[in-house]
Amino acid sequence: MKDLISVRQLNKEKFFEIYEIFKYYKKRYLNGETKFSDLRGYSIVLPFFENSTRTRTSFELAGKILGADTINISASASSVKKGENLYDTIKTLEAMQFDFIVMRHYMSGASKIVADKVKSHVINAGDGANEHPTQALLDAFTILEKKGSLEGLKIAIIGDILHSRVARSDIFLFKMLGANITLCGPKTLLPRCLSSFDVDNITTDINEALMDKDVVIFLRIQLERQNKVFFSTLNEYSIKYGLNQERINLIRKDGIIMHPGPVNRGVEINSELVYGDRTVILEQVKNGLFTRMAVYRFLLNG
Amino acid sequence: MKDLISVRQLNKEKFFEIYEIFKYYKKRYLNGETKFSDLRGYSIVLPFFENSTRTRTSFELAGKILGADTINISASASSVKKGENLYDTIKTLEAMQFDFIVMRHYMSGASKIVADKVKSHVINAGDGANEHPTQALLDAFTILEKKGSLEGLKIAIIGDILHSRVARSDIFLFKMLGANITLCGPKTLLPRCLSSFDVDNITTDINEALMDKDVVIFLRIQLERQNKVFFSTLNEYSIKYGLNQERINLIRKDGIIMHPGPVNRGVEINSELVYGDRTVILEQVKNGLFTRMAVYRFLLNG
Amino acid sequence: MKDLISVRQLNKEKFFEIYEIFKYYKKRYLNGETKFSDLRGYSIVLPFFENSTRTRTSFELAGKILGADTINISASASSVKKGENLYDTIKTLEAMQFDFIVMRHYMSGASKIVADKVKSHVINAGDGANEHPTQALLDAFTILEKKGSLEGLKIAIIGDILHSRVARSDIFLFKMLGANITLCGPKTLLPRCLSSFDVDNITTDINEALMDKDVVIFLRIQLERQNKVFFSTLNEYSIKYGLNQERINLIRKDGIIMHPGPVNRGVEINSELVYGDRTVILEQVKNGLFTRMAVYRFLLNG
């Protein structure tokens, strides 16, 4: 495996191989070994054609901790403004001898298109509404740490399923790992039928969705990626689909609450619950660092 | 001391402890030891919610020289645009395992609010019109190098006192170190009474302010932070409060002239005097580097 | 030699000295030695007052591979917005102890003006329509690798000669190395007479320009730097001066085709020819990395 473009590239063997590397780095780092030389002499470039703080920072820090040289390219400062096409940008970065190209692009399929054309390792850090594989990996690892396995686990994903690359990557990966998945959201933000996603249940009823779940994932309302009105107001969305104290009781007593961040406080999750004892949102961020370290190393191993 | 938010956290003992580290690094660096490993394995993130070149660059270079990994987050490229709140941004950076958070924010008190909530060391690189503690430290160190002590030293601060975080931090620190302080500027930019700042003299008369001073600090006119008209024109300001050759003679013969930069040439200081033999403006910049190295190390020592 | 501002600073001896260092780094790097410590303890700042991806990235990566600390300053985030003048910006960077200042500026002569005033090494990464010396060096090195020598080589430069810093640097350097140079483009984009540039031929006829050439360099149409209409439409330019399959046959059978990038596909070069077997565009990018490594080292050697 040269690239990580989609979680569909992963079977259980590969997934657990990455998980082992993740655990290795996490354990060592938290024991005080905060600098490695595994990627010394390797270079990482991060062309981000959409704004991002957390994903870019997480990938960049993960690279630096492993000893790599990292260089950012933001859309606003880049030759994109000169009208250079994506393929030429990536071929140029390959010619500059970058070992890793970590890219985010507003177009679904963008990273796949370029990955096949260059020798550099390409990591998809989000492509349009398509996939965000390292987010799915860090979500899965966080669940594994809490629950031991995803086999038979009841997981609900709440929100804008249609426009969410996180939802797509999560669904593919969690199903491969044996989870039972319920999707929930306003009708306009849900797939029309079960067959369009390989899930177990689709509902517009938040109470039904939360009931007896081991894991509930609230998605961020991505106002910036919607060009139609899919629901009337944020306030109405919150009332119908937001997490509040009452609804938390529907989830299993040992169930965990996740969110890819940043949370729209008071929309997806009531403000006082964001860092409550049931949420693992900051644990997801923390695991994101070690997940990216593991992905670099996994791709390097070939 | 986990954080450096305000110079009011410093007593003389702590101040001189930082000064010793400053002298240690400066001496070694200027003797050719330009790379250290004191911060190897530590990571620094620099979320700057206001534009800055010199302060951000100084902090970033100081970190790199000490061997730390550094990552920039500029307001324009960040999740701020997604409407994430400051607290969540900082909690996320803590979860990413950053050891130091060097932040600048347009809101007074911003860094204090978050410092108490995270385990990372937080350094205030400027918060609204409140404080800029490393600027005050580098100013004090520059004065110490030239004058040996601040005890009894006559210092004038000229300009927009009310909106200046540099003025506030300088005043608190210099008074603690025993200096005699005169504030001077247009009435609209001065505190109304002596009691609002613990200073020795407040005047609108530039000649009185300069007379017989050991140190004169000209503040930058921060047009970008003023939302009212506090003086008629820049030209009038320059005529009334700008430094020219005639006024320089009012200052003590061995008196020094300082400015936090960047100078509005011809406004605060006449253009031909900016790098004259009385000014120590570039020495301040140079000392800024070693000051930030010292602050990292001081906070790490606990 | 403290600075690299213009290729006119180079005689053959200096040029070939840089070429030797270039070959040394390229050979070692491609043999797997991808990290050096030649610039360990040195710091590089890259103030770019014009947007750039490839040049900035190439200089930054070259510095990191050699072990230097690098810091970016983009025009948009910088004190330029505060109205600081260029001289003060550069003096400040010198005071921060930067060893190298790699600068791009929209004003011709900008880097020369500041280089004489600071002790730091200044490298001109493009100044207005004046010069881009490292581009000329990497072009010359690419030609040398393919042709062994520039002595007597027939080289054509096609496009906007008047506004191109690449053309100017290429012409000066290639003539010094003994090449025979033809310039070609629309009349409005050509110098009026041979005497204004020391070249061998000036023509508006693309067929005459390509005929029997060893090297043909297509320049990027820099729409962003033109404030008048120099040709009617991009389509007409392409028809009259763009490279197509038919025109490629006019060039010598072993002739090579170059472009500084990014290519406006379908304007200067037909899309399907961009990475054809006659073009060395990506080889130029690759050599750019080793060229910048060599320039750092060359200036350090003094």
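In what follows, chains carry the letters A, B, and so on, assigned in the order in which the sequence lines appear, proteins first and then strands, with residues in each chain numbered from 1.
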Asks: Does atom NZ (A:Lys146) have a neighbourhood of more than 12 heavy atoms from anything else shown, all under 6.0 Å?
Replies: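 Count not over threshold, so no.
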
Asks: Search all heavy atoms of B:Asp69 against all heavy atoms of A:Ile65 and return the closest pair with its distance.
Replies: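 Looks like OD2-N, 4.0 Å.
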
Asks: Which atom names give the shortest non-hydrogen contact between B:Thr92 and A:Val285, and what distance separates them?
Replies: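 Heavy atoms only, the tightest pair is O-CG1, 3.5 Å.
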
Asks: Around B:Lys14, counting heavy atoms of other residues, nucleotides and ligands shown, do more than 12 lie under 6.0 Å from its NZ?
Replies: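 More than 12 heavy atoms, drawn from other residues, nucleotides or ligands, come within 6.0 Å of this atom.
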
Asks: Rounded to the nearest 0.5 Å, how far apart are OG1 of A:Thr34 and CG of B:Asp99?
Replies: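 Going from OG1 on A:Thr34 over to CG on B:Asp99, the span is 7.0 Å.
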
Asks: Side chains of A:Arg265 and B:Tyr87: closer than 4.5 Å at any heavy-atom pair?
Replies: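 Of all side-chain heavy-atom pairs linking B:Tyr87 with A:Arg265, at least one is under 4.5 Å.
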
Asks: Minimum heavy-atom separation for A:Leu289 and B:Met96, please, with both atom names.
Replies: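 Here A:Leu289 and B:Met96 meet closest at CD2-O, 3.5 Å.
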
Asks: Measure the spacing between CD1 of B:Ile73 and CD of A:Glu60 and express it to the nearest 0.5 Å.
Replies: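 Interatomic distance, B:Ile73 CD1 to A:Glu60 CD, rounded to 0.5 Å: 9.0 Å.
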
Asks: CG of B:Asn11: more than 12 outside heavy atoms within 6.0 angstrom?
Replies: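 Atom CG in B:Asn11 is packed in, count exceeds 12.
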
Asks: Looking only at non-hydrogen atoms, find the nearest pair between B:Ile71 and A:Leu61 and report the distance.
Replies: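 Minimum heavy-atom separation between B:Ile71 and A:Leu61: CD1-N, 3.4 Å.
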
Asks: Would one find more than 12 heavy atoms of other residues, nucleotides or ligands at under 6.0 Å from atom NZ of B:Lys27?
Replies: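 Open.
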
Asks: At what distance, to the nearest 0.5 angstrom, does OG1 of A:Thr57 lie from CG of B:Leu93?
Replies: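 One finds 7.0 Å between OG1 of A:Thr57 and CG of B:Leu93.
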
Asks: May I ask you to check whether over 12 heavy atoms, not counting those of B:Lys23, lie within 6.0 Å of atom NZ?
Replies: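 Yes, enclosed.
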
Asks: So which atom in B:Ala95 and which in A:Leu282 form the shortest heavy-atom distance, rounded to 0.1 Å?
Replies: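 Where B:Ala95 meets A:Leu282 most closely, the heavy atoms are CB-O, 3.6 Å.
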
Asks: Quick one: what part of A:Phe36 sits under 4.5 Å from any heavy atom of chain B, side chain, backbone, both or neither?
Replies: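 Answer is neither: A:Phe36 stays 4.5 Å or more from chain B.
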
Asks: Are there over 12 heavy-atom neighbours, none belonging to B:Tyr42, within less than 6.0 Å of that residue's OH?
Replies: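 For B:Tyr42, atom OH is not crowded (no more than 12 foreign heavy atoms under 6.0 Å).
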
Asks: Nearest 0.5 Å please: distance from the CG atom of A:Leu30 over to the CD atom of B:Gln97.
Replies: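 Between atom CG of A:Leu30 and atom CD of B:Gln97 there are 6.0 Å.
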
